[in-house]
Amino acid sequence: MKKLILVFIAFTATIHAQKNDITLEDIWSNNTFKTERLNSFHSMNIGDYYTILNTDEESKNTSLDKYDYKTLEKVASIVDSKNLEGIAHFESYTFDASETKLILGTDSEKIYRHSSKGIYYVYDIASKNLQQISQHKIQEPRFSPDGNKVAYTYNNNLYVKNLINNGTVQVTFDGEKNKVINGITDWVYEEEFAFVRAFDWNKNSDKLAFLRFDETEVPEFSMDMYGSSLYPTQQVFKYPKAGEKNALVSLHIFNLTTKKAAQVNLGEKAQYYIPRIQWTNNSNALAVTTLNRHQNNLNLLFVDGATLDSFVVLNEKDAAYVDITDNLTFLKDNSFIWTSEKDGFNHIYHYDAAGKLKNQVTKGTWEITNYYGYDAKTKRIFYQSTEDGSINRSVYSIKLNGKNKQRLSSNTGTNSAAFSNSFNYYVNTFSSANTPNIYTLNAAKSGKQLKEIKNNQALSEKLNDFKTAKKEFFTVKTENGEFNAWMIKPSNFDPNKKYPLFMHQYSGPGSQQVANRWGGGNDYWFQLLAQKGYIIACVDGRGTGLKGRDFKKVTYKELGKYETQDQIDAAKKLGALPYIDKNRIGIWGWSYGGYMSSLALTKGADVFKMAIAVAPVTSWRFYDTVYTERYMQTPQENASGYDDNSPINHVDKLKGAYLLVHGTGDDNVHVQNTTRMINALVEANKQFDLFVYPDRAHGIRKGDNTRLHLFTKMTAFIDQHLGGSENTIATEENIKN
C-alpha cells in the first residue's frame, strides 16, 4: 500500500510539472514571451519594393536593404554603415522623392513623446557620397520634392540647406527656448495634435510653409530632476494648463526665390489652433486646418501661395468636438478624401476641389478605424474598419463611388495592412486575443494570401507550458447601456467557488481596451494574477470609442461622471455572478485609468475594496489646454464639470485600500496631480499607500528593473488587500516565487 501512495504522489507531481507558473521576471526581465514582429519597413515609390533597416547583432553595423514584395527576397543592400566613414551605425532614414538620395540619422536624443534631435547626413546612393547637413544636432530634416534641398530646424529656427552648392539659408532668426519656436510644434501641439514637424514643402520646391509659436505668455512648468549629482537640476518648459494662455500660432510662407518670408493673415478664418498644414497637388495651394478653442468648429482653408489670399473649402461643426486626423488625401484633380463622423459614425467622404461633396463613400453603423490610401489606377480606397464587430478590425477596399466593396482580410480578430506604393500587394498583420501576430503577403486585388512571412508558433507552443487561460469576450448590460467586456478566469476555474475580481480599464474618450487582439506585458500580468486565483475583467463603458459618435461624446463636459458610474454598475453586475465574491472587488488603471480607479474607489466605496492609480490625473485643472478643453471647455466656463468629478473632492468617501504611484519626471501628467491628492487624503485623515519613482516619465520605464519593481509592488498590494487563492503570497520579498 505504501508503494502505491508513493507512485500516486509522483504522478500528481508530474502533472503539476507540466504547467509552469508565469513569474514577473518572465514578463519584465527575461523577455520569456517575446512576440516576433516584422522590422519596420517602408514601401518604395518606384516598383513593388520595400526597405528594412537591419542591424548586425555582432558588429552593430546597420544596413538599409531592399526587398521584392512578390518574393519577399532581398534584392540589394542600398547602404551599409560599415562602408560609411565616421558613422558606426544609423538609426533612421528618409528617401527623397526620386529615391536616389537618403537622409541618415545618428546619435538621436529624445526630447518629448514624439520629438528628438540628432546628427543627420545626406547620402547619394549612386556616388556613395556622404554629406553632413549640420555640425549641430538638428530636428526634422526633410528633402524638398526636387531632392536638391533639405529643410530642418535648429535652436527653434528654420534653415534650408542647398545640397548642390552646400550653402545654407537661415529662414528665421527669432527662435529662442521657451519664447519662440519656428517650424517645430510646442509641447501641447506635439502631445495632443500628435505632430512635430510644422513645416511643409510645396510641389515645386520653391516655397516652404511653416508655423511660428510665440510661447512668451504661456505659463512655465518646472520639474526637479534628481539624477546622480549632488544637486538636482530643473527641467523648465512651457505647459498651458486648462484655461490658461496657449502659444500664439501664426502661419508663414518662405519664398526660396526671393528668400523672404511672409505671414499669412487668415483673419477670422484663423480661429485659434492650426493643427495641420499640407500643400495640395497644386504648387500654389496650401491646405490649412484651423480650429476654434472649443474645438467644435473646424475650417479647411486653401491659401494661395503667391497672393496669400485664403478661402474656406470645408467647414465642420459638432455639438461636442471635431477630431483631427491625418486622412486628408488630395487626388490629381485636387479633389480630396476626408473622414468624418458627421452622420454618427466615422466614414469616408469625397469632395471636389472647391469643397463640394461628391459622395459619401462608406456608410453604416460601424467605424472607419484606419485609412490606407487611394489607388488611382483602379479607383479604389483601402481602409480598416469595425464592420465585423466593434472589437474586431478588418481590411476592406471600395470604389471611390462607394460601390464594389470587398473584404480583403479573412480572419476574425485584428487585421492591419501595409500596402506597396503600387497597391498591388500588402502585408497583413493578424492577431486575436488568443492568437499572437501572424504576418502574410497578400494580393491587394483579391486579398488572397500569397505567402506566410512570419508567425509566432514558437510562442504559442511555449505558452502551452504555462498556466494560461483564454480571454473570453461578452457584454455587460446595465440600465445605462450594453458594454463590451472581457474576462480571464483561472485555468483551474471551478464555478462552485467564489473568486476575487480585479478590474482593469482606461476609459478615456475614444479609447478601447476590449479588443480582439494579442496583448502585451499587461496581459501576461493578468494571466499571472489569474493563476494566483483572481478573475480579471475589463469593461469599456460610455465615452470609449468605435461604437459611434453619441456613445463616445456623451461624456462631453462631464469627464469621469458616466465612465465611473459604468465601472461601478459593471462591478455590481459581475459581483452578482455566483463565482465572484462581491466583497473582494478591486480596480486599477494608468493615466486616465488611474483617474478612473481613484474615482471608482471613492464614489464606489461600497463596491470596490481596493484600487491602484498609476500616474493619475486627479483634477482636470492640472492638465493641458488642448486635450482637456476639447472634452470639458475651460474651467472658467465649466467649473462644476471640473470639480464634481475630481477624485480630490471625493476623498472623504474613501474606505478601501488605495495605492498611488507616480514618476517625478512625468512631463505629461505632472506629479502635482498626486501631491494634491496626497494633501486631500491627509486633510481627510485617510490612510493610503504611495510610491514615487524619481525622474521617471509618464511610462515609468527608465532603468532595467523599473517595470519589474512596479509590478512586484502592485501584485503584493493586490494580494494583501484583495487576496487570491489560499496559495497567494502577500509579501514583496517572495511575491515572485
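Being a predicted model, the structure only gives us computed values, none of them experimental. Any value given below was found using the heavy atoms of this structure, including those in side chains, with hydrogens, waters and symmetry copies removed.
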Exercise. So, does Asp26 use its side chain to make a donor-acceptor pair with the main chain of Asn30 at under 3.5 Å?
Worked result: no
Problem set entry | From CA spacing to verdict: side chain to side chain contact (heavy atoms under 4.5 Å, CB included), Thr51, Ile78 | CA-CA 9 Å; Thr51 53; Ile78 296 173; 3.7 Å; yes
For this session: Determine the sole option in Val196, Ile111, Leu158 for which the side-chain contact (heavy atoms from CB on, under 4.5 Å) test with Ile184 is passed.
Result: Val196
Exercise. Would a 4.5 Å heavy-atom cut-off, applied to side chains only, mark Val427 and Phe41 as touching?
Worked result: yes
Exercise. Take atom NZ in Lys179; do more than 12 heavy atoms of anything else shown fall under 6.0 Å from it?
Worked result: no
Problem set entry | Over 12 foreign heavy atoms within 6.0 Å of NZ, Lys451 | yes
Problem set entry | Ion pair Lys60/Glu57, N-O distance below 4.0 Å | yes
For this session: Provide the closest heavy-atom pair for Asn39 versus Leu53 in the form atom of the first, atom of the second, distance.
Result: ND2-O, 4.2 Å
Exercise. Are the side chain of Lys462 and the backbone of Thr32 linked by a donor-acceptor contact shorter than 3.5 Å?
Worked result: yes
Exercise. Sub-3.5 Å donor-acceptor pair from the side chain of Ser144 to the main-chain atoms of Lys149, do we have one?
Worked result: yes
Problem set entry | Closest approach of Thr290 to Ala270 (non-hydrogen atoms, all atoms of both residues) | CB-O, 3.4 Å
Problem set entry | Glu220/Val218 under side chain to side chain contact (heavy atoms under 4.5 Å, CB included): CA gap, chis, key distance, verdict | CA-CA 6 Å; Glu220 287 183 343; Val218 179; over 6 Å; no
Exercise. Hey, mind stepping through Asp186 and Lys238 against salt bridge (charged side-chain N to carboxylate O under 4.0 Å, His left out) and telling me if it holds?
Worked result: CA-CA 8 Å; Asp186 66 353; Lys238 298 285 188 170; over 6 Å; no
Exercise. Under 6.0 Å from the six-membered ring centre of Phe199 and within 45° of its axis: does the NZ or CZ of Arg197 meet both?
Worked result: yes
Problem set entry | Tyr159 (side chain) donor-acceptor with Thr168 (main chain) under 3.5 angstrom | no
For this session: Given ring-ring contact (aromatic ring centres under 6.0 Å, His included), test Phe423 with Phe382 step by step and report yes or no.
Result: CA-CA 9 Å; Phe423 289 103; Phe382 296 91; 5.2 Å; yes
Exercise. Is there a donor-acceptor contact under 3.5 Å from the side chain of Ser422 to the main chain of Asp48?
Worked result: no
For this session: Output yes when Arg113 and Glu190 qualify as a salt bridge under the 4.0 Å nitrogen-oxygen rule, no when they do not.
Result: no
Seminar exercise, completed: Closest non-hydrogen contact found for Glu192 with Arg630 is O-NH2, 3.6 Å
Exercise. Hey, does Pro219 have a side-chain heavy atom less than 4.5 Å from the side chain of Lys241?
Worked result: no
Problem set entry | Check against ring-ring contact (aromatic ring centres under 6.0 Å, His included), Trp590 and Tyr506 | CA-CA 7 Å; Trp590 199 305; Tyr506 178 75; over 10 Å; no
Problem set entry | Pairwise side-chain contact, Met714 with Trp525, heavy-atom cut-off 4.5 Å (strictly under) | yes
Problem set entry | Ser283 (side chain) donor-acceptor with Asn202 (main chain) under 3.5 angstrom | no
For this session: State, with a plain yes or no, whether a side-chain heavy atom of Phe193 is found less than 4.5 Å away from one of Thr185.
Result: no
Seminar exercise, completed: Heavy-atom closest pair (Asp146 atom, Ser205 atom, distance to 0.1 Å) is N-OG, 3.0 Å
Seminar exercise, completed: On a heavy-atom basis, the closest approach of Ile133 and Lys161 is O-CD, 3.4 Å
For this session: Please check if atom NZ in Lys34 has more than 12 non-hydrogen atoms from other residues, nucleotides or ligands closer than 6.0 Å.
Result: no
Exercise. Counting only N and O atoms by type, is there a donor-acceptor contact under 3.5 Å from the side chain of Asn415 to the main-chain atoms of Val395?
Worked result: no
Problem set entry | CZ-OG1 distance between Phe691 and Thr674, expressed to the nearest 0.5 angstrom | 13.5 Å
For this session: State, without any angle test, whether Thr339 and Asn327 hold a side-chain donor-acceptor pair at a distance under 3.5 Å.
Result: yes
Exercise. Do the numbers put Lys66 on top of the ring of Tyr49, so that NZ or CZ is under 6.0 Å from the six-membered ring centre and no more than 45° off the axis?
Worked result: yes
For this session: Kindly say whether Asn54 contributes a backbone atom to a donor-acceptor pair with the side chain of Thr62 at under 3.5 angstrom?
Result: no
For this session: Measure the OG-CZ distance between Ser29 and Arg707 for me, rounded to the nearest 0.5 Å.
Result: 12.5 Å
Exercise. So, Glu452 and Lys454, do they make that salt bridge, N to O below 4.0 Å?
Worked result: no
Problem set entry | Closest approach of Lys101 to Gly147 (non-hydrogen atoms, all atoms of both residues) | NZ-O, 3.2 Å
Exercise. Below 4.0 angstrom, N of the basic side chain to O of the carboxylate: do Asp326 and Arg276 qualify?
Worked result: yes
Exercise. Once you round to the nearest 0.5 Å, how far does CG of Asp96 lie from CD1 of Ile125?
Worked result: 7.5 Å
For this session: Answer yes or no: is there a donor N or O on one side and an acceptor on the other, between the side chain of Thr153 and the main chain of Asn156, under 3.5 Å?
Result: no
Problem set entry | Trace of the side chain to side chain contact (heavy atoms under 4.5 Å, CB included) decision for Gln131 with Asn166 | CA-CA 9 Å; Gln131 183 179 7; Asn166 209 31; 2.7 Å; yes
For this session: Evaluate the criterion side chain to side chain contact (heavy atoms under 4.5 Å, CB included) for residue pair Thr429 and Leu38; output intermediate values, then yes/no.
Result: CA-CA 9 Å; Thr429 303; Leu38 281 186; 5.7 Å; no
Exercise. Looking at side-chain heavy atoms only, is the closest gap between Ile103 and Phe143 below 4.5 Å?
Worked result: yes
Problem set entry | ring-ring contact (aromatic ring centres under 6.0 Å, His included), paired with His42, selected from Phe419, Tyr50, Phe95, Tyr67 | Phe95
Exercise. Side-chain contact, heavy-atom cut-off 4.5 Å: Tyr189 with Phe213?
Worked result: yes
For this session: Count the heavy atoms of every other residue, nucleotide or ligand shown that sit under 6.0 Å from CZ of Phe173, and state whether that count exceeds 12.
Result: yes
Exercise. Of Tyr239, Phe622, Tyr623, which is the lone residue that meets ring-ring contact (aromatic ring centres under 6.0 Å, His included) with His670?
Worked result: Tyr239
Exercise. Does CG in Asp704 sit with more than 12 non-hydrogen atoms of other residues, nucleotides or ligands closer than 6.0 Å?
Worked result: no
Problem set entry | Sole residue of Ile181, Val180, Asp174 in side-chain contact (heavy atoms from CB on, under 4.5 Å) with Asn157 | Asp174
Exercise. Quick one: OG1 on Thr280 to CG on Leu328, what's the gap to the nearest 0.5 Å?
Worked result: 9.5 Å
Exercise. Would you say Asp666's side chain and Asn668's backbone share a donor-acceptor pair under 3.5 angstrom?
Worked result: yes
Exercise. Once you round to the nearest 0.5 Å, how far does CZ of Phe430 lie from OG1 of Thr440?
Worked result: 10.0 Å
Seminar exercise, completed: One should read off an interatomic distance between Lys74 NZ and Ser77 OG, to the nearest 0.5 angstrom, of 4.5 Å
Exercise. Do Arg393 and Ser416 have side chains that get closer than 4.5 Å, going by heavy atoms?
Worked result: no
Problem set entry | Flag side-chain contact, heavy atom, 4.5 Å: Tyr693 against Thr664 | no
